[in-house]
Amino acid sequence: MATSQKQKSKNALVDFKEMNKINILFLHKFKVIAGAEMFLIELIKTINRAKFRPMVCLIADTCEHAYDILEKEKIKIFGDLLTNNDSKPKGFLGDKIASITFIKRFLNLQGKTLPCDIKAILNLTNILKREKIHILFYIDQHAALNLAPLCAILARTPLLIGSFHTQGLRISIIEKLLLSATDKFMVTSSYHGKYLVDFLHIPSEKIKVINNGISIDRFKKFSVNMLKKENFAIDSDTSIVGIVARLVPDKCHEIFLESAVTILKVLPDTHFFIIGNGPERVRLEEMSIELNISSNVHFLGFREDIPSLLSLLDVSVLSSCAEFFPYSLLESMMMEIPVVATDVGAVSEVVYNGVTGILVPSKNSNALAEAILLLLKDRELAKKMGREGRKRVINRFSAQKMTSQIESIFQDLKNFKKIKT
């Protein structure tokens with residue numbers, strides 16, 4: 001009896017602790033692991049579990065790798081909103097099953113088929129009520145833009161926060177109206193904040209700049225499981241230039257390949273790593289063959305051992321023609337790898353030109369090649385930029401600093417709205 005009573009008291013204590021936490025539901029579609037996903041994963045990993053209780057609701061079409069990462073964080077995960085089960089998501093929220101075309105057209109006037117229907121709305125609303133969610137936190141995909149504000153209103157969820165990581169969103173009239181329910185918009189850079197004001201006409205007082213951050217511990221240069229150049233049939237004294245980015249048009253990998261042609265004319269033994277996957281892969285592989293550089297170019301696909309791969313690079317490159325706040329640059333800088341990047345979007349807020357790396361005009365393969373060659377030839381300059389890059393990330397772009405700033409916003413909004421936990 002005594003043991004049973006002690007157990008009841010212990011359970012009551014646990015329940016009391018959970019009751020006094022701020023319940024946060026993150027709403028996102030983990031189709032791939034890219035910048036927005038990295039942001040959310042780092043936030044969940046570093047958030048103060050003594051004060052906050054994070055949960056994740058997946059909007060279907062989730063990659064297995066993302067699901068595995070989230071499970072390791074020991075948080076509550078809600079699967080496909082269409083079926084509202086806690087198993088790994090199957091199917092797609094836009095399926096015709098149980099969907100109402102009228103609702104889709106109402107929510108988006110551009111005629112796109114979007115993952116939003118009556119069943120999804122009801123399921124998310126029920127989750128918000130049942131879990132007594134204090135904050136619904138969504139990422140800027142159309143699915144979330146449609147679902148989050150509407151469900152927060154229906155469930156009377158006290159706080160709605162949107163985190164924006166992309167540009168080019170074509171927002172419908174209805175979506176603009178729904179967005180007005182958002183209490184705070186988080187953006188990754190000042191450049192991004194200006195974009196929301198200029199193109200989505202969001203009030204500037206609702207916008208807060210929170211730079212992306214990465215885990216310092218994960219990128220300790222001399223503690224990662226190091227690979228060797230010999231693993232890729234490359235001599236140990238051979239230079240390697242790499243790019244970590246999804247193989248999509250905005251990343252402009254063709255400029256990277258064109259710059260490789262110029263570099264190989266000067267340093268013919270140089271090798272090039274292309275790390276990442278995407279719809280452009282076949283085209284880029286064919287292009288490397290056409291340029292007659294395929295023997296020096298390695299398409300490595302999606303990799304989980306990014307720190308180890310970065311440790312092999314002499315120069316890290318980002319050739320994007322559109323960009324907001326790229327994690328790949330932060331990762332390279334943390335590994336003391338000098339970077340060469342195109343001066344687009346918020347890249348200049350990450351790379352201190354001439355100090356932590358070199359910025360060049362976009363879509364200019366000659367300028368890109370010239371900057372890479374400078375660092376390959378001047379190893380002292382490269383090392384100095386690498387050291388400065390690491391210092392910059394530790395001081396300004398750590399996951400701990402990012403999460404601390406976000407936690408302050410959560411707390412301030414909670415106090416402002418007098419929300420009780």
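In this chain, residues are counted from 1 in sequence order.
By the side chain to side chain contact (heavy atoms under 4.5 Å, CB included) test, R303 is found to be paired with L227, F232, I275, L300, D305, I306, L309, residues two or more places apart in sequence or in another chain being considered. Partners of T356 by side-chain hydrogen bond (donor to acceptor under 3.5 Å, both in side chains), not counting sequence neighbours: none found. Under the side-chain hydrogen bond (donor to acceptor under 3.5 Å, both in side chains) criterion, T46 pairs with T403, sequence neighbours left out. Residues forming a ring-ring contact (aromatic ring centres under 6.0 Å, His included) with F299 (at least two apart in sequence, or on another chain): none. Evaluation of the side-chain hydrogen bond (donor to acceptor under 3.5 Å, both in side chains) rule for S328 yields no partner, not counting sequence neighbours.
Within the structure, ring-ring contact (aromatic ring centres under 6.0 Å, His included) contacts touching residues 355-383 (residues at least two apart or in different chains) do not occur. Every pair tested for ring-ring contact (aromatic ring centres under 6.0 Å, His included) that includes a residue from residues 333-374 fails, sequence neighbours excluded, so the list is empty. Residue pairs that meet the ring-ring contact (aromatic ring centres under 6.0 Å, His included) test with at least one member in residues 356-383, sequence neighbours left out, do not exist here. Residue pairs that meet the salt bridge (charged side-chain N to carboxylate O under 4.0 Å, His left out) test with at least one member in residues 229-242, sequence neighbours left out, are K229-D314. Residue pairs that meet the salt bridge (charged side-chain N to carboxylate O under 4.0 Å, His left out) test with at least one member in residues 278-288, sequence neighbours left out, are E254-R283, E280-R283, R281-E285. The salt bridge (charged side-chain N to carboxylate O under 4.0 Å, His left out) pairs that include a residue from residues 189-214 are K194-D198, where partners are two or more places apart or lie in different chains.
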Give the table of side-chain donor-acceptor pairs shorter than 3.5 Å for residues 255-271, with sequence neighbours excluded, one pair per line with atom names and distance.
unit_1	atom_1	unit_2	atom_2	d
S259	OG	F256	O	2.6
T270	OG1	L267	O	2.9
H271	ND1	H298	NE2	2.8

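Under the 3.5 Å distance criterion, with hydrogens and angles disregarded, no donor-acceptor pair is assigned to the side chains of S348 and Y191.
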